[in-house]
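What follows is a set of notes on a single structure, which appears directly below.
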There are 2 protein chains.
Amino acid sequence: MPYRPTALTRKNAADKRAALLRAARALVAADGFRAATVAAIAARGQASVGSVYSHFDSRDLLLAEVFRSAASHELAVVRDAVADTGQPATDRLGDLIRVFGGRALQGRRMAWALLFEPVNPAVEAERLTYRRSYTEITEQIVRSGQERGEFLPQDTGLAASAVLGAISEALVGWLRPESPPPLPQAQADVVDGIRLFCLRALTPPVPAPPVPPGTGAGSARRPHRQDRRVGP
Amino acid sequence: MPYRPTALTRKNAADKRAALLRAARALVAADGFRAATVAAIAARGQASVGSVYSHFDSRDLLLAEVFRSAASHELAVVRDAVADTGQPATDRLGDLIRVFGGRALQGRRMAWALLFEPVNPAVEAERLTYRRSYTEITEQIVRSGQERGEFLPQDTGLAASAVLGAISEALVGWLRPESPPPLPQAQADVVDGIRLFCLRALTPPVPAPPVPPGTGAGSARRPHRQDRRVGP
DNA sequence: CTAAGGTGTGAATCACGGTTCAGAACTTGG
DNA sequence: CCAAGTTCTGAACCGTGATTCACACCTTAG
């Protein structure tokens with residue numbers, strides 16, 4: 001039996017596989033999943049169309065793997081930014097929104113691909129998983145905020161969904177491939193606007209300033225910072 | 001010149017067109033745009049594939065028209081529910097959420113198709129338009145709430161996006177074709193949960209109950225109703 | 001070096017559904 | 001009923017891009 005796959009062979013194969021994954025990822029980051037045709041991936045990965053199929057069972061699965069690797073990295077970054085359960089939930093949620101939103105606005109095309117681009121059922125399934133992970137992280141923060149007395153009691157799952165919905169919807173306008181990249185100032189404003197919106201929905205009113213007896217209580221207003229106009 | 005299109009002819013043509021539109025709409029309501037192939041539309045509309053093309057320039061435009069008619073009806077219903085600018089903004093926003101959410105949960109498949117299903121660029125363009133309309137309605141309510149002193153001052157565009165994002169994200173779990181229909185109680189709970197979340201994000205604290213002089217104000221807590229657990 | 005496998009290649013194939021079009025069926029005014 | 005048009009029909013066509021596969025090229029161990 002004159003030929004058997006050897007360590008080198010295996011390494012070469014693994015390298016090729018990785019190169020194809022890298023190639024696909026680059027294409028996605030540049031122009032979305034749509035642009036990652038098998039031919040384009042092969043070309044960019046210095047391989048032939050056929051050999052793509054000796055490393056991956058199908059394009060759909062290849063893309064699912066690209067998605068998974070990109071999304072799991074993002075998730076890890078966010079997780080990390082929010083990991084310190086000793087922090088006030090208010091700060092953790094703020095960090096989540098800042099990190100998530102900031103990174104999305106930095107890598108707009110990739111963010112759009114990961115969050116919104118229609119791809120295929122395999123990717124859709126992955127997307128669902130990651131979405132659930134984000135919801136869980138958020139829900140955990142909300143719960144902890146409630147336990148610490150920072151947040152109002154309310155359905156945590158619903159609140160988490162609503163927070164994530166507010167984030168995505170506020171971002172999507174700026175992530176669309178056809179819309180021009182926002183200025184840094186606008187970026188900061190959106191992210192901060194989202195943060196304040198969500199915190200208002202979660203936290204009880206700041207303790208009212210001491211009221212001189214006799215002054216009507218009806219005019220009390222919570223001293224929430226007023227945001228500047230930011231709209232898309 | 002023995003033959004010329006006549007009134008009857010024209011009416012027949014219009015009827016056929018309408019029948020095809022109805023057929024397509026029924027298919028979409030049952031199984032989404034994906035199911036509305038030209039062949040299926042023709043079959044259900046008692047026509048041949050070819051004659052679909054004598055009434056519509058392309059499938060994409062036909063679907064865009066289906067979308068438009070369904071979406072504009074929904075929009076009109078919501079607009080109507082919210083039209084009375086004399087009402088408190090709080091009530092109007094509540095009505096918007098109740099009507100929008102309630103109808104979506106009633107016609108889940110259609111709602112999913114209109115809100116989330118990937119279709120084609122023509123439909124995507126329509127979708128964008130309608131999304132903008134909803135944002136405008138919401139923004140208008142938010143602005144009016146601010147003018148009336150019911151809502152906190154904040155960026156109205158961002159707030160409107162966030163509100164709509166919270167609504168969609170909280171709904172999408174229940175609209176997914178593969179998920180089972182929610183019980184009526186759960187429906188009511190989601191919608192009400194969304195409503196409370198959004199109002200909390202928009203309104204200042206309820207005026208504190210008259211404080212007996214000397215009682216510390218620091219323990220004040222806004223009497224927001226606590227929601228029951230509802231999660232997906 | 002050579003036989004026995006592996007691995008790479010890219011043109012051909014396939015699947016899919018929208019679109020076309022040659023002819024059949026029909027409608028109208030005379 | 002006829003001629004001149006219109007409308008209907010559905011099988012054939014097409015564009016697209018994923019997938020296959022016969023073949024050439026390598027690599028290994030004896």
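Naming: A, B, ... by sequence-line order, numbering from 1 per chain. Just so you know, these numbers use all the heavy atoms, side chains as well, and skip hydrogens, waters and symmetry mates. In this text, all values refer to a predicted model and were calculated from it rather than measured experimentally.
Side-chain N/O atoms of Ser48(A) include one lying less than 4.0 angstrom from OP1 or OP2 on dT9(C).
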Can you give the donor-acceptor pairs under 3.5 Å from side chains of residues 108-118 of chain A to other protein atoms, not counting sequence neighbours?
residue   : atom : partner   : partner atom : Å
Arg108(A) : NE   : Trp174(A) : O            : 3.0
Arg108(A) : NH2  : Trp174(A) : O            : 3.1
Arg108(A) : NH2  : Arg176(A) : O            : 3.3
Arg108(A) : NH2  : Ser179(A) : O            : 2.6
Arg108(A) : NH2  : Ser179(A) : OG           : 3.3
Glu117(A) : OE1  : Phe33(A)  : N            : 2.7
Glu117(A) : OE2  : Phe33(A)  : N            : 3.2
Glu117(A) : OE2  : Arg34(A)  : N            : 2.9

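Looking at Asp189(B) and Gln185(B), their side chains do bring a donor and an acceptor atom within 3.5 Å of each other. A donor atom on one side chain and an acceptor atom on the other are found under 3.5 Å apart for Glu139(A) and Thr156(A).
Separating the OH atom of Tyr53(B) from the C1' atom of dT19(C) is a distance of 5 Å, rounded to the nearest angstrom. For the pair Leu62(A) CG and dG17(D) P, the computed distance is 17 Å after rounding to whole Å. Taking atom CG on Asp57(A) and atom P on dT19(D), their separation rounds to 10 Å, with Å as the unit. Atoms CG (Asn120(B)) and P (dG18(C)) sit 11 Å apart, rounded to a whole Å. To the nearest angstrom, C1' of dT20(D) lies 17 Å from CZ of Arg59(A). Whole-Å rounding puts the His55(A) NE2 to dG8(C) C1' distance at 9 Å.
Here Ser54(B) lies in heavy-atom contact (under 4.0 Å) with sugar-phosphate atoms only.
Here the closest heavy-atom approach between residue Asn120(B) and residue Asp60(B) is recorded as ND2-OD1, 3.1 Å. Among all heavy-atom pairs drawn from Leu62(B) and Ala24(B), the shortest one is CD2-CB, 3.7 Å. The two residues Ile41(A) and Ala23(A) come nearest to each other via the heavy atoms O-CB, 3.9 Å.
Residues from residues 36-47 of chain A that place a heavy atom under 4.0 Å from any atom of DNA chain D, listed by number: Thr37(A), Val38(A). Within residues 8-33 of chain A, no residue has any heavy atom closer than 4.0 Å to DNA chain D.
Tyr134(B) and Phe100(B) have perpendicular rings, their planes meeting at more than 60° on a 0 to 90° scale where under 30° would count as parallel.
Under 4.0 Å is where a charged nitrogen must lie from a carboxylate oxygen, and between Glu65(B) and Arg25(B) no such pair does. Under a 4.0 Å N-O distance rule, the pair Arg92(A)/Asp95(A) does not qualify as a salt bridge.
The 5' end of DNA chain D is approached more closely, in terms of each residue's nearest nucleotide, by Ser51(B) than by the other of Ser51(B) and Asp60(A).
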